[in-house]
Amino acid sequence: RHLQKIFYKNYSVRDYEMCTVYIENHMWLRENFDQIKINNLFMALTKVFSAIFGHHVYLLENNRFVILSSHLGEIAEILPGICEKYSTYKTDDGQTINVEFKSVMLTVPQDAQTFTQAILISNRLFQEGVRANTQDIVVCDANHTNKMKRENQIYEILQRELTLESKDYQVYYQPIYDVKEGKFKYCECLSRLYDKELGNISPAEFVPIAENKGLIEKMGTVAFEKICKFMSENSKIPAVTVNFSVYQMMNPAVVDNVMEIMQGMRKAEYTFAPIIDSKGGLVGVF
């Protein structure tokens with residue numbers, strides 16, 4: 001609560017560093033050591049962090065610490081040595097606990113103006129640090145800030161444009177031609193997104209954002225509506241292939257939803273056939 005007040009009530013009147021120290025292998029620790037030993041480890045870390053950084057040390061969700069410092073550069077100078085020292089922790093009975101730390105840092109309010117935003121940025125930096133497998137403190141810079149700003153812009157565009165009537169979220173149809181038979185067989189459906197400011201946005205960029213922000217099922221539904229509308233207006237098209245996301249397939253009402261959309265476009269005749277992968281899983285609709 002005190003940490004949130006810093007953001008929500010402008011507790012600090014100057015810039016300060018916010019460093020989040022993740023215990024990267026906390027799940028492994030909890031599976032292999034009893035709770036008392038884990039508690040003692042966190043107590044030891046809390047004492048050493050508090051002794052150096054004062055009362056601006058917070059434990060979040062039992063797997064990460066947040067450290068605040070108004071002395072810019074202080075954390076980067078001191079923290080690596082602490083993490084190295086406690087990477088092997090001796091319990092009271094002589095057991096050795098190997099602790100894996102991952103630290104990320106941003107400047108408040110330069111990089112984040114709200115508590116939620118700061119936590120989101122920290123988590124993002126943490127994930128990127130894990131992929132990069134670096135032991136250094138991952139620092140938020142202009143590249144990270146600009147990247148997150150662009151993602152937020154794309155998220156807002158998706159929220160606005162995921163409608164049947166939208167001209168900026170479209171489905172393109174790639175013809176599949178059989179050379180041996182010498183004829184057009186069917187269309188493959190491809191989602192496309194455009195914005196006046198950002199221009200053409202690649203599916204490789206907007207699809208993961210839709211997945212992470214909970215919009216992927218809506219995107220799939222709107223795409224299918226557009227496809228059915230297209231088929232109803234172009235009855236000579238023999239068939240189209242439609243890719244469904246795993247989130248759509250996890251919805252127990254997926255078949256009812258599909259049939260309801262198809263029945264709403266009655267000008268064309270449809271055959272609803274599943275596409276099964278090599279493991280017997282339903283991956284699409286033909």
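Remember, predicted model here, so these are calculated numbers, not experimental data. In this chain, numbering begins with 1 at the start of the sequence shown.
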> Kindly give the heavy-atom pair with the smallest separation between Leu198 and Asp195, and that separation in Å.
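The pair with the smallest heavy-atom distance is N-OD2, 3.0 Å.
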> Gln127 and Asn123: side-chain donor and acceptor closer than 3.5 Å?
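The criterion, which ignores hydrogens and geometry beyond distance, is not satisfied for Asn123 and Gln127.
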> Report yes if some heavy atom in the side chain of Arg124 is under 4.5 Å from a heavy atom in the side chain of Lys147; otherwise report no.
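Yes, their side chains come closer than 4.5 Å.
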> Surrounding CD of Glu205 (heavy atoms of other residues, nucleotides or ligands, distance under 6.0 Å), is the total greater than 12?
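Correct, the count exceeds 12.
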> Is Lys102 positioned over the aromatic face of Phe126, cation under 6.0 angstrom from the ring centre and no more than 45 degrees off axis?
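No cation-pi geometry.
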> Do Tyr169 and Ser191 meet the criterion of a side-chain donor-acceptor pair at a distance under 3.5 Å?
yes
> Provide the closest heavy-atom pair for Tyr16 versus Ser70 in the form atom of the first, atom of the second, distance.
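Closest approach of Tyr16 to Ser70, heavy atoms only: CB-CA, 3.8 Å.
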> Going from CD on Glu17 to NE2 on His71, what distance comes out if it is rounded to the nearest 0.5 angstrom?
10.5 Å
> Hey, does Val66 have a side-chain heavy atom less than 4.5 Å from the side chain of Met18?
yes
> Output yes when a side-chain donor or acceptor of Asn25 lies under 3.5 Å from a complementary backbone atom of Asn98, and no otherwise.
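Yes, Asn25 side chain to Asn98 backbone: donor-acceptor pair under 3.5 Å.
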> Mind listing the closest non-hydrogen atom pair of Phe184 and Pro238 along with its distance?
CE2-CD, 3.3 Å
> Got a sec: does the CG of Asp92 have more than 12 other heavy atoms crowding it under 6.0 Å?
no
> As a quick check of understanding, evaluate side chain to side chain contact (heavy atoms under 4.5 Å, CB included) for Val21 and Arg64, giving each step before the final call.
CA-CA 5 Å; Val21 183; Arg64 52 188 163 154; over 6 Å; no
> Quick check: closest heavy atoms across Ser122 and Val104, and the distance to 0.1 Å?
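What the structure gives for the nearest pair is O-CG2, 3.6 Å.
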> Could I get the full list of salt bridge (Lys or Arg N to Asp or Glu O under 4.0 Å) partners for Arg192, not counting sequence neighbours?
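Here no residue qualifies.
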> Salt-bridged, Lys37 to Asp93, with N to O below 4.0 Å?
yes
> Measuring from atom SG of Cys19 to atom CD1 of Ile75, what distance do you get when rounded to the nearest 0.5 angstrom?
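Going from SG on Cys19 over to CD1 on Ile75, the span is 5.0 Å.
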> Regarding Glu151 and Tyr155, is there a side-chain donor-to-acceptor distance under 3.5 Å anywhere?
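No - no donor-acceptor pair under 3.5 Å links their side chains.
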> Any ion pair linking Glu225 and Lys229 (charged N to carboxylate O, less than 4.0 Å)?
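Looking at Glu225 together with Lys229, the answer is no, because their closest N to O distance does not fall below 4.0 Å.
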> If we only count heavy atoms from C-beta on, is the Ile52 to Val57 side-chain gap below 4.5 Å?
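No, their side chains stay 4.5 Å or more apart.
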> Testing Tyr58, Phe42, Phe53, Tyr86 for ring-ring contact (aromatic ring centres under 6.0 Å, His included) with Phe65, which one passes?
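With Phe65 as partner, ring-ring contact (aromatic ring centres under 6.0 Å, His included) holds for just one option, Phe42.
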> When the side chains of residues 215-223 are checked against the rest of the protein, which donor-acceptor pairs come out under 3.5 Å, sequence neighbours left out?
residue	atom	partner	partner atom	Å
Glu217	OE2	Asn251	ND2	2.6
Thr221	OG1	Glu217	O	3.0

> What pair of heavy atoms forms the shortest contact from Gln170 to Ser166, and how long is it?
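Distance-wise, the nearest heavy atoms are NE2-O, 3.2 Å.
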> With a 6.0 Å cut-off (strictly less than), is the heavy-atom count around OH of Tyr172, excluding the residue itself, greater than 12?
no
> Walk me through it: do Asn40 and Thr91 pass the test side chain to side chain contact (heavy atoms under 4.5 Å, CB included)?
CA-CA 8 Å; Asn40 289 339; Thr91 64; over 6 Å; no
